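First up is the structure itself, then whatever we jot down about it.
On a predicted model such as this, the values are computed, not experimentally measured, just so you know. Position 1 is the first residue of the sequence; numbering continues from there.
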Amino acid sequence: KNYSYTVVDGDVYYRENSRMVKPELNATATERVKGMVELRDCVQKLIGQQMDGYISNETIRQTQRELNELYDNFTAKHGLINSRGNALAFADDSSYYLLCSLEVLDEDNNLKRKADMFTKRTIKPSEVVTSVDTASEALAVSIAEKATVDMPYMSQLTGKTEEELASDLRGVIYMDFNRKPDGSYTWRTADDFLSGNVREKLAYYQKALEYTEGTEKHHFILDNVEALKTAQPKDLDASEIEVRLGATWIDKSYIQQFMVETFEPPYYLRRSIEVNYSPFSAEWNITGKSQPSYSDVNAYMTYGTERANAYKILEDTLNLRDVRIYDTVTDPDGKERRVLNSKETTLAQQKQQAIKDAFRDWVWKDPQRREQLVQKYNELFNSTRPREYDGSHIHFVGMNPDIKLREHQLGAIAHVLYGGNTLLAHEVGAGKTFEMAASAMESKRLGLSQKALFVVPNHLTLQWANEFLRLYPSAKL
């Protein structure tokens, strides 16, 4: 095996890039390497036997006795495998961390006990399911083995047609009418189909009903529509929605209306003072904001100041900027610079708050406007239903059968496998290491990934490897 030591005719060699190299080792290091090569070969033999469902328990116990004897002899002569001397001698071997996992250490790095591999069957052999009796069992096997609803595979397991399976699983799986590249339809489980932007999905399938009337797909779409109706989030009402100036989902016509009704500009200016919004730069702009005369009480006293009128303050507010007033002063050397005028700034910011308060009072006052804004808010921001993940169906091939994952860990692993991207934000000690290890192994087994990469702090590398190999003793790290 590449990047590993081997012993040939009593001499130690190291294989690197498919070439056998004789390393420069002193006599003590050579003896350590020879002892650990024996241990490694025995461990790998034991792993192979445990993964083979046809090997008897007696044969496995015999190999465990051999491993115990080799380990006791080695540690009596060279100390713990995790000791510094053994690490220096054998750390370059790709199986070193596997050997380190044979020892369970305490906080002081002293031997607490030998690993379960010495006495127990730590790998459950994979059992291939070739047939099941019911459609629900076939679905569970399909999700576990294929990570999707694979109708041809389920038909093979049950002997039923896809139409019979769809009928048996009505309400459990739904047909997604976004076709695959080969032209076939995708089937999705209820927790997958009835999540995401369910308002958008409902609108799509309601429209599809009109075009499929009288076709064989019509009843599938009808099922989708009925299920999606029950999955719609509860509409929020105006009291539960916070609307602020500058929210880009509010149409500029409402801001224009607010500005005219609140600031009451002269009629001859109402067409020239106009609110605009650019979706490209996400910036609000009020044209003609300097046109009102200083005699305009609302613009320069009620909602503005002499230095910043109400329209300028409204524009800053829409762009989520605090109003600031600067004075230009000239230095003794003739250079001009801007200095914050704290008194005028404080006054202008008070007017800015008055405009915000006025908008908050105004926005829900008109019933028709309230209804339109509430509807738009719910369509934009209250349309997503989060998916609930259940990992109880997952078969963890190669996992230590003595380790039982908790419910939240199973759900987190299912989220990683089916969710696309996942943040494991559990608190310390909740089992994130096992979740990540199991997710990586299952993802590779199901063909969802080719290789997993874990970025770990340097001082946790050995601990991570030990935990990983305790959960999956046959893993190749």
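- At least one cation-pi condition fails for K229 and Y205: the charged atom is not both under 6.0 angstrom from the six-membered ring centre and inside a 45 degree cone around its axis.
- The closest side-chain donor-acceptor pair between E371 and Q375, if any, does not fall under 3.5 angstrom.
- Counted by atom type alone, D327 and N341 present one or more donor-acceptor pairs between their side chains at under 3.5 Å.
- Between the side chain of K404 and the backbone N or O of P401 there is at least one donor-acceptor pair closer than 3.5 Å.
- Shown here for A440 and F454, the closest heavy-atom pair between the two residues is CB-CZ, 3.6 Å.
- For W362 and Y254, the ring centers sit 6.0 Å or farther from each other.
- T317 and Q352 form a side-chain donor-acceptor contact under 3.5 Å, judged by distance and modelled atom types alone.
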Worked verdict on K312 versus D316 for salt bridge (charged side-chain N to carboxylate O under 4.0 Å, His left out): CA-CA 6 Å; K312 170 68 171 65; D316 282 345; 2.7 Å; yes
Trace of the side chain to side chain donor-acceptor pair (under 3.5 Å) decision for E467 with Q463: CA-CA 6 Å; E467 288 293 300; Q463 178 185 330; over 6 Å; no
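- A donor atom on one side chain and an acceptor atom on the other are found under 3.5 Å apart for R199 and S383.
- Side-chain polar atoms of Q50 and T122 form a donor-acceptor pair below 3.5 angstrom.
- Side-chain polar atoms of D237 and S239 form a donor-acceptor pair below 3.5 angstrom.
- Side chains of N319 and E315: no donor on one and acceptor on the other come within 3.5 Å.
- Remark: the backbone N or O of V141 is not paired with any side-chain donor or acceptor of E145 at under 3.5 angstrom.
- Listed for the K201 side chain is a donor-acceptor partner under 3.5 Å among the backbone atoms of F193.
- In this structure, a donor-acceptor pair under 3.5 Å is present between the side chains of H426 and E435.
- A donor-acceptor pair under 3.5 Å links the side-chain atoms of K432 to the main chain of E427, judged by distance alone.
- Side-chain contact of S278 with S281: a donor-acceptor pair under 3.5 Å is present, judged by distance alone.
- Under the 3.5 Å distance criterion, the side-chain polar atoms of S95 are left unmatched by any main-chain donor or acceptor of L98.
- Relative to the ring axis of Y174, R188 does not place its NZ or CZ within 45° and under 6.0 Å from the centre.
- When all heavy atoms are compared, the tightest approach of T134 to T158 is O-CG2, 3.7 Å.
- The main-chain N or O of S155 is never found under 3.5 Å from a side-chain atom of E162 such that the two would form a donor-acceptor pair.
- Q232 places a side-chain N or O within 3.5 Å of a backbone atom of L228 that can act as its donor or acceptor partner.
- Aromatic ring centres of Y311 and F263: separated by under 6.0 Å.
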